[in-house]
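A quick write-up on the structure given underneath.
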Amino acid sequence: MTTATTELRLTPAAGRIGAVVHDVRLGGDLPAGTVTAIETALYRHKVLFFRSQQHLDDAEHEAFARLLGQPVDHPTVPSADGRYIFELDATKGVRANNWHTDVTFVPSYPKASILRALELPEAGGSTVWANTAAAYQDLPAPLKTLAESLRAVHTNDYDYAATLALTPELAENPQVAKLFRQVFVSTAFKTEHPVVRVHPVTGERSLLLGAFAQRIQGVPSADSKALIALFQRYVERLENTVRWAWQVGDVALWDNRATQHYAVNDYGDQPRLVRRITLDGDLPVGVDGTPSRLLEPTEPPAVAGLVPAEQLEEARLGA
């Protein structure tokens with residue numbers, strides 16, 4: 001029996017990426033047709049925004065997430081309250097103000113992320129998303145050919161203080177250091193991904209880079225950085241982006257396989273608290289069909305994101 005798809009009322013948020021979804025109350029009880037419509041809109045617009053979702057608590061956040069896929073914990077950071085919640089609290093120095101795709105330092109990184117705003121500064125604290133499929137399409141033909149031939153190493157083990165442009169107070173704060181070094185890098189991962197991945201649903205090609213991409217395989221260091229910067233510039237072009245001014249209760253849902261995002265650190269010492277759930281992803285493949293692969297650790301811990309969830313479940317069952 002085929003489920004009828006609900007017609008959503010959408011307002012484009014920018015020319016190439018993003019749409020606001022109206023008249024939908026998120027939760028675990030959404031009709032199947034509405035869920036299908038949300039997924040369809042997500043693949044088209046890459047990021048969806050839902051206003052006035054203050055009714056969501058952690059349990060309902062998770063219940064909604066389960067309608068779209070299997071929630072997964074962060075590979076190294078413990079979840080909040082045991083509900084797959086990854087909390088970003090600016091008062092504790094957690095400010096991801098760099099361009100990145102979530103958790104690409106593991107092979108099967110999340111397919112989607114769902115973020116809700118709980119506490120916000122009086123001004124500032126917006127988030128910007130970029131359409132990495134549009135960025136690929138913008139490449140001149142010779143650069144497309146080059147990008148499709150390259151593989152990049154992604155890792156969670158790098159200089160966060162420098163990359164995140166933390167203030168000296170935060171960079172030298174022992175709590176921040178503990179978070180980034182003892183927690184976030186409690187296991188140091190290195191994964192090789194294609195620079196151009198093929199989306200498993202839409203078939204679109206997109207650039208797979210961001211802050212976790214540290215070098216290009218087989219290319220000297222200086223040239224490697226230059227190549228990453230060259231392709232990353234196409235991602236960050238303003239015409240490929242949408243900037244969202246948060247309100248408390250807002251929810252953003254994005255296709256993590258076709259976007260990067262940047263949380264703007266422009267609000268000083270004011271509080272900013274958001275909570276995220278990510279959904280288990282698939283193993284990326286390049287244009288030539290070669291999949292991503294884990295480089296380190298050589299004997300990885302049993303965490304989600306290293307292989308797809310169904311394979312982990314088969315292993316647990318002895319299949």
Side-chain angles (χ1 to χ4, degrees), residues 8 10 12-21 35-50 65 68-70 72 96 98-115 127-139 143-144 147-148 150-152 154 191 193-213 228 231-244 251-263 276-287 289 291-292 305 308:
L8 295 179
L10 302 172
R16 292 186 176 181
I17 179 175
V20 181
V21 183
V35 175
T36 299
I38 288 173
E39 291 177 321
T40 300
L42 179 64
Y43 296 136
R44 177 182 177 185
H45 296 284
K46 308 301 189 279
V47 56
L48 301 178
F49 303 107
F50 303 81
L68 301 171
Q70 172 58 51
V72 290
N98 57 23
W99 283 106
H100 66 285
T101 298
D102 286 335
V103 200
T104 59
F105 50 85
V106 299
S108 298
Y109 63 88
K111 71 174 186 178
S113 293
I114 307 163
L115 187 71
T127 303
V128 187
W129 281 265
N131 184 337
T132 56
Y136 167 83
Q137 288 298 331
D138 284 346
L139 294 174
L143 290 184
K144 285 182 180 177
E148 291 167 4
L150 299 175
R151 312 276 294 185
H154 294 235
T191 294
H193 288 300
V195 169
V196 178
R197 75 163 293 176
V198 180
H199 197 287
V201 177
T202 67
E204 288 181 309
R205 298 178 182 184
S206 60
L207 293 175
L208 174 45
L209 291 168
F212 297 120
I228 290 173
F231 293 117
Q232 183 65 27
R233 281 202 301 271
Y234 282 84
V235 174
E236 297 173 21
R237 283 183 168 181
L238 292 180
E239 56 265 37
N240 290 329
T241 68
V242 60
R243 183 164 181 161
W244 186 250
V251 170
L253 163 65
W254 65 92
D255 185 344
N256 199 51
R257 298 175 291 198
T259 59
Q260 289 183 28
H261 57 281
Y262 186 117
R276 185 188 79 198
I277 291 180
T278 57
L279 302 179
D280 197 33
D282 56 286
L283 193 64
V285 296
V287 175
S292 301

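Predicted, not measured: the structure shown is a model, and the values here were computed from it.
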Between [atom1] of [X] and [atom2] of [Y], what distance do you get to the nearest 0.5 Å?
X: K111; Y: L68; atom1: NZ; atom2: CG; answer: 7.0 Å
X: T132; Y: I17; atom1: OG1; atom2: CD1; answer: 8.0 Å
X: F212; Y: W99; atom1: CZ; atom2: CH2; answer: 14.5 Å
X: L253; Y: S113; atom1: CG; atom2: OG; answer: 8.5 Å
X: T127; Y: W254; atom1: OG1; atom2: CH2; answer: 7.5 Å
X: R257; Y: D102; atom1: CZ; atom2: CG; answer: 13.0 Å

Where do [X] and [Y] come nearest, in terms of heavy atoms and distance?
X: A65; Y: I277; answer: CB-CG2, 3.8 Å
X: L48; Y: H45; answer: CD2-CB, 4.1 Å
X: S108; Y: D280; answer: O-OD1, 4.2 Å
X: P284; Y: P107; answer: CD-O, 3.1 Å
X: G210; Y: Q232; answer: N-OE1, 3.4 Å
X: L139; Y: A147; answer: CD1-CB, 4.3 Å

(message) Parallel, tilted or perpendicular: which one describes the rings of H193 and Y109, with boundaries at 30° and 60°?
(response)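 Answer is perpendicular, since the angle exceeds 60°.
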Do [X] and [Y] have side-chain heavy atoms sitting under 4.5 Å apart?
X: H154; Y: L208; value: yes
X: H199; Y: Y43; value: yes
X: V251; Y: I114; value: yes

(message) For a side chain to side chain contact (heavy atoms under 4.5 Å, CB included) check, start with the C-alpha distance between K144 and Y136, then their side-chain angles and the critical distance, and finish with the verdict.
(response) CA-CA 7 Å; K144 285 182 180 177; Y136 167 83; 3.9 Å; yes
(message) Counting neighbours of CZ on R237 that are heavy atoms of other residues, nucleotides or ligands and sit closer than 6.0 Å, is the number greater than 12?
(response)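 Atom CZ in R237 is packed in, count exceeds 12.
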(message) side chain to side chain contact (heavy atoms under 4.5 Å, CB included), that's the test. Do T101 and T259 meet it? Break it down for me.
(response) CA-CA 7 Å; T101 298; T259 59; 5.6 Å; no
(request) Ignoring hydrogens and angles, tell me if any N or O in the side chain of T241 forms a donor-acceptor pair with the backbone of A130 under 3.5 Å. (result)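 No, because the side chain of T241 does not come within donor-acceptor range (under 3.5 Å) of the backbone of A130.
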(request) Check for a donor-acceptor pair, side chain of N131 on one end and backbone N or O of R16 on the other, with a separation under 3.5 Å. (result)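 Yes; judged by distance alone, with no hydrogens or angles, the pair exists.
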(request) State whether a side-chain donor-acceptor pair under 3.5 Å links N256 with H261. (result)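 Looking only at side-chain atoms, H261 and N256 do not form any donor-acceptor pair under 3.5 Å.
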(message) Assess the residue pair V20 and W244 against the criterion (side chain to side chain contact (heavy atoms under 4.5 Å, CB included)); give the C-alpha distance rounded to whole Å, side-chain angles, the decisive distance to 0.1 Å, and a yes or no.
(response) CA-CA 10 Å; V20 181; W244 186 250; 3.8 Å; yes
(request) Using a strict cut-off of less than 4.0 Å between a Lys/Arg side-chain nitrogen and an Asp/Glu carboxylate oxygen, indicate whether D282 and R197 qualify as a salt bridge. (result)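 Yes, this pair counts.
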(message) Among L207, N240, V235, T104, which residue satisfies the side chain to side chain contact (heavy atoms under 4.5 Å, CB included) criterion with Q260?
(response)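 With Q260 as partner, L207, N240, V235, T104 yield a single side chain to side chain contact (heavy atoms under 4.5 Å, CB included), made by V235.
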